[in-house]
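Okay, structure first, notes after.
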Amino acid sequence: MAMSYDRAITVFSPDGHLFQVEYAQEAVKKGSTAVGVRGKNVVVLGVEKKTVAKLQDDRTVRKICALDDNVFMAFAGLTADARIVVNRARVECQSHRLTVEDPVTVEYITRFISSIKQRYTQSSGRRPFGISSLIVGFDFDGTPHLYQTDPSGTYHAWKANAIGRSAKTVREFLEKNYKEEHMESDTDTIKLAIRALLEVVQSGGKNIELAIMKRDESMKILVQEEIEEYVTAIEKEKEEAEKQKKKT
Amino acid sequence: GNPLKTACSDGDGSERKIQFLHGTTTLAFKFQHGVIVAVDSRATAGAYIASQTVKKVIEINPYLLGTMAGGAADCSFWERLLARQCRVYELRNKERISVAAASKLLANMVYQYKGMGLSMGTMVCGWDKTGPGLYYVDSEGNRVCGDLFAVGSGSMYAYGIVDSGLKQKDLTVEEACDLGCRAIYQATYRDAYSGGQVNLYHVHSEGWNRVSQSDVLLLHQQYQAEKA
């Protein structure tokens with residue numbers, strides 16, 4: 001039947017959909033949330049850490065990956081698919097350094113990753129990658145960037161964005177609370193990312209993994225204590241705001 | 001016997017590569033205000049002067065120049081191919097290609113043909129966001145960054161002039177152009193395989209421009225008059 005044929009491989013349906021790509025996007029929506037914020041001098045990626053089984057080693061579950069000294073990424077969706085994409089991107093970062101004698105720009109590596117994803121929506125016998133990714137970093141000239149890619153192979157630049165489960169809720173929170181002036185401060189940028197994640201993550205700071213990169217520095221994954229510090233500060237600010245509201 | 005075989009074999013009968021004569025003098029040097037590129041314009045086939053009006057500077061794009069030494073066909077073909085690559089880079093990345101990257105593209109292109117008889121000794125000169133750039137690339141696979149290069153049969157004479165002229169720091173554009181011109185002239189004076197005209201280019205932050213084209217015989221009279 002024509003309908004079941006459409007769903008098996010990536011060909012157009014009669015009304016212009018690529019069902020496999022859309023199903024891949026559904027797979028992404030089931031993945032754990034990731035949020036990215038682009039500040040003026042710092043870029044932040046945060047992911048929801050799923051609670052780990054008692055006997056499992058916590059450190060082997062890393063959803064934020066460095067692609068090079070100046071770029072790193074987080075993803076939502078099929079972890080195994082992400083591994084392939086991350087590997088290819090890492091090799092391309094080095095190839096670029098070899099042929100052009102310069103580090104990649106965030107836009108270049110995003111374009112590269114998107115091209116790979118697009119190719120898999122047009123090859124026979126292959127399925128699309130089931131991941132969306134948030135790619136952040138600084139270019140050689142110091143400009144910060146945040147890009148999002150999705151299984152169809154499109155990419156867009158963002159000031160702040162979220163992917164995965166509850167992405168819509170988080171994005172609405174970001175739209176309401178993103179203030180250009182706050183992005184000048186590193187602390188405020190980081191706090192925005194954490195506050196956004198706290199909206200959807202159960203049981204607070206324990207289930208958040210956060211990585212930041214300041215201009216001309218390499219990526220830093222925050223330890224649990226540092227995250228707890230921010231969470232405590234955020235909760236305090238929330239209390240103050242509530243008290244103010246009650247007073248007036 | 002077979003005349004081609006005799007031409008291509010050594011005394012003991014083993015095959016020998018066809019010798020291209022690198023009859024030329026090309027030079028380029030960096031200075032405070034960019035890069036000066038100066039070349040002669042003579043093409044020789046053995047002892048026969050095939051042309052006195054060869055364009056040995058290839059305009060890759062408005063801010064990149066390449067010089068020609070060795071096989072003329074090899075140089076112009078590969079540098080035109082380089083121009084195409086540079087343009088594609090510009091379109092894809094929305095910014096100009098760096099001199100380092102352009103020279104690397106050229107070097108990698110010809111490296112695949114190493115040992116197959118390509119003959120090309122070129123200098124890739126330009127200005128990019130890191131300032132003036134000058135790279136020497138040849139068909140052997142060499143690629144070196146430097147402040148001064150002279151390539152061809154007349155290169156040694158040119159080096160003598162430029163090395164002594166660059167002793168004073170901070171040349172003005174005019175002084176640098178005169179130096180480049182003089183260096184090529186002196187090379188054409190002593191080297192039989194160099195001659196014709198001196199073509200002079202200056203590469204600066206806005207791109208390159210053709211400074212002058214001077215016939216060496218006229219230059220000779222001019223310098224002789226100055227001596228007197």
Side-chain angles (χ1 to χ4, degrees), chain A residues 38 43 67-71 73 85 88-122 133 135-149 152-159 215-216, chain B residues 30 35 60-61 63-64 66 78-79 81-114 122-139 141-147 149 205:
Chain A
R38 180 191 86 194
V43 286
L67 297 181
D68 200 349
D69 292 334
N70 61 325
V71 193
M73 68 173 260
V85 171
R88 295 244 192 106
R90 284 174 171 163
V91 173
E92 180 61 22
C93 286
Q94 298 312 307
S95 288
H96 186 275
R97 276 181 189 260
L98 179 60
T99 46
V100 178
E101 293 190 347
D102 257 337
V104 292
T105 58
V106 188
E107 200 261 339
Y108 177 91
I109 198 65
T110 306
R111 206 173 349 125
F112 176 78
I113 290 174
S114 304
S115 309
I116 298 180
K117 288 188 177 176
Q118 189 281 339
R119 213 172 302 145
Y120 278 63
T121 70
Q122 227 179 354
S133 50
I135 302 160
V136 294
F138 288 90
D139 285 349
F140 195 59
D141 62 1
T143 21
H145 292 281
L146 162 64
Y147 284 94
Q148 184 221 352
T149 66
S152 65
T154 52
Y155 69 94
H156 300 278
W158 292 77
K159 294 181 184 170
R215 185 177 293 112
D216 295 332
Chain B
K30 280 193 214 174
V35 190
I60 296 169
N61 64 39
Y63 55 94
L64 275 179
W78 290 104
E79 291 184 22
L81 219 52
L82 176 63
R84 176 177 166 274
Q85 279 301 97
C86 290
R87 180 60 182 146
V88 173
Y89 180 97
E90 241 179 58
L91 288 167
R92 283 190 181 143
N93 296 282
K94 295 181 211 159
E95 65 170 15
R96 287 184 185 175
I97 192 170
S98 65
V99 188
S103 59
K104 199 102 186 226
L105 286 179
L106 180 64
N108 288 337
M109 276 195 271
V110 296
Y111 185 72
Q112 295 182 306
Y113 293 84
K114 185 173 162 72
T122 185
M123 294 176 286
V124 179
C125 327
W127 188 296
D128 59 34
K129 60 186 181 217
T130 60
L134 175 56
Y135 284 81
Y136 167 73
V137 178
D138 71 19
S139 43
N142 290 311
R143 173 179 167 271
V144 274
C145 181
D147 292 338
F149 291 110
S205 54

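Per chain, numbering begins at 1; letters A, B, ... match sequence-line order.
Here the shortest heavy-atom pairing between Val100(A) and Ser98(B) reads O-OG, 4.1 Å. Smallest separation of non-hydrogen atoms from Glu101(A) and Lys104(B): OE2-NZ, 3.4 Å.
Within a 6.0 Å radius of CZ in Arg84(B), other residues, nucleotides and ligands contribute 12 heavy atoms or fewer. Within a 6.0 Å radius of CD in Gln94(A), more than 12 heavy atoms belonging to other residues, nucleotides or ligands are found. Within 6.0 Å of atom OH in Tyr111(B), 12 or fewer heavy atoms from other residues, nucleotides or ligands are found, so the atom counts as exposed in its surroundings. Counting non-hydrogen atoms of other residues, nucleotides and ligands closer than 6.0 Å to CG of Asp141(A) gives a total above 12.
Going from atom NZ of Lys129(B) over to atom CG of Asp102(A) covers 5.5 Å, rounded to the nearest 0.5 Å. With values rounded to the nearest 0.5 angstrom, Arg111(A) atom CZ is found 8.0 Å from Arg92(B) atom CZ.
Heavy atoms of Asn93(B) lying under 4.5 Å from chain A belong to its backbone as well as its side chain.
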